[in-house]
Amino acid sequence: MANLPQTVDLDEFDRRIIAALVEDGRMTVTDLADAVGLSKTPCQVRLKRLQQAGVIRGFRAIIDPAKLGLDHIAFTEVKLSDTREAALCEFNAAVRRIAEVEECHMLASNFDYLLKVRTADIRRYRIVLGEKISALPHVASTSTFVAMETVMEAGHRRTKSGR
């Protein structure tokens, strides 16, 4: 069984720091301090503590997948033939190696996993499904749902202006 993460006590300044960095992860410490109402040194100390505690796990660039020719999204339900712990661990390790799988969630449902798969088009998705996803350990069956439009996606928050 996986260890559950321990929660971290956060005060209002910590929450403001997190919210500001979600909006703009490239913000300087000086700008961050101004945004949250602290001086630079206490802000820097809090930022370091949030990083050391694992609350802030890193900083990333948000890429526009369409500009890379990767605007086809499919959600794939996966049902396993074996759901004992060893089989789940094998599946989890193997699915992490498929570059086209952006997200993988184990669910309490009539299927076991939901994958978010991003490819260039439906032909490429069919290849990924047939050669990679279906070949994962213990896969019994899959079912696919193709996204027609992305309305909201993780990592793409609205700005304060509403865009």
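The CG atom of L107 sits 8.5 Å away from the CD atom of E77 when rounded to the nearest 0.5 Å. Interatomic distance, CD of Q44 versus OG1 of T41, reported as 6.0 Å (0.5 Å rounding). Atom CD1 of I98 sits about 5.5 Å away from atom CD1 of I133, to the nearest 0.5 Å. With values rounded to the nearest 0.5 angstrom, D82 atom CG is found 12.5 Å from F91 atom CZ. Here CG of L32 is found 6.5 Å from CG of L47. Values are rounded to the nearest 0.5 Å. Distance CD1/I73 to CZ/F145: 15.5 Å, rounded to 0.5 Å.
Listed here is the closest heavy atom pair of Y113 and F111: O-CD1, 3.2 Å. Taking all atoms of both residues into account, the shortest heavy-atom contact from C43 to L38 is CA-CD1, 4.0 Å. The shortest heavy-atom contact between M27 and A35 is SD-CB, 4.5 Å. Contact detail for S134 and V139: the closest heavy-atom pair is O-CB, 4.0 Å. Between Y125 and A74, the shortest heavy-atom distance links the atoms CE1-CB, 3.6 Å. Taking all atoms of both residues into account, the shortest heavy-atom contact from G25 to F59 is O-CD2, 3.6 Å.
With a 6.0 Å radius and a threshold of 12 heavy atoms from other residues, nucleotides or ligands, R49 has its CZ atom above the threshold.
Note: the hydrophobic cluster containing V101 does not contain I127 (ILVMFWY, side chain heavy atoms under 4.5 Å, direct or indirect links). Connection of M106 to F75 is not established within any shared hydrophobic cluster, with ILVMFWY side chains joined at heavy-atom distances below 4.5 Å, either directly or through further cluster members. The cluster map of Ile, Leu, Val, Met, Phe, Trp and Tyr, joined by side-chain heavy atoms under 4.5 Å apart, puts L129 and V95 in the same cluster. No continuous path of ILVMFWY side-chain contacts below 4.5 Å connects V45 to V36, so the two sit in separate hydrophobic clusters. The cluster map of Ile, Leu, Val, Met, Phe, Trp and Tyr, joined by side-chain heavy atoms under 4.5 Å apart, puts L70 and I122 in different clusters.
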Problem set entry | Evaluation steps, side-chain contact (heavy atoms from CB on, under 4.5 Å), between L88 and E85 | CA-CA 5 Å; L88 297 175; E85 192 63 26; 4.2 Å; yes
Problem set entry | Verdict with supporting geometry, T144 and V117, side-chain contact (heavy atoms from CB on, under 4.5 Å) | CA-CA 10 Å; T144 298; V117 184; over 6 Å; no
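In terms of modelled atom types and a separation under 3.5 Å, the side chain of T142 and the main chain of V78 share no donor-acceptor contact. Put simply, the side chain of D112 gets close to the backbone of L80: a donor and an acceptor are under 3.5 Å apart. Between the side chain of T119 and the main chain of D121, a donor-acceptor pair closer than 3.5 Å is present. S81 places a side-chain N or O within 3.5 Å of a backbone atom of H138 that can act as its donor or acceptor partner.
The closest side-chain heavy-atom distance from L68 to I63 is below 4.5 Å. Proximity of P65 to D71: side-chain heavy atoms (C-beta onward) are nowhere separated by under 4.5 Å. Considering only heavy atoms from C-beta on, V128 comes within 4.5 Å of R124 through its side chain. In this structure the side chain of V146 reaches within 4.5 angstrom of the side chain of H72, judged on heavy atoms.
The residue from E153, E100, H105 that alone fulfils the side chain to side chain donor-acceptor pair (under 3.5 Å) condition with K116 is E153.
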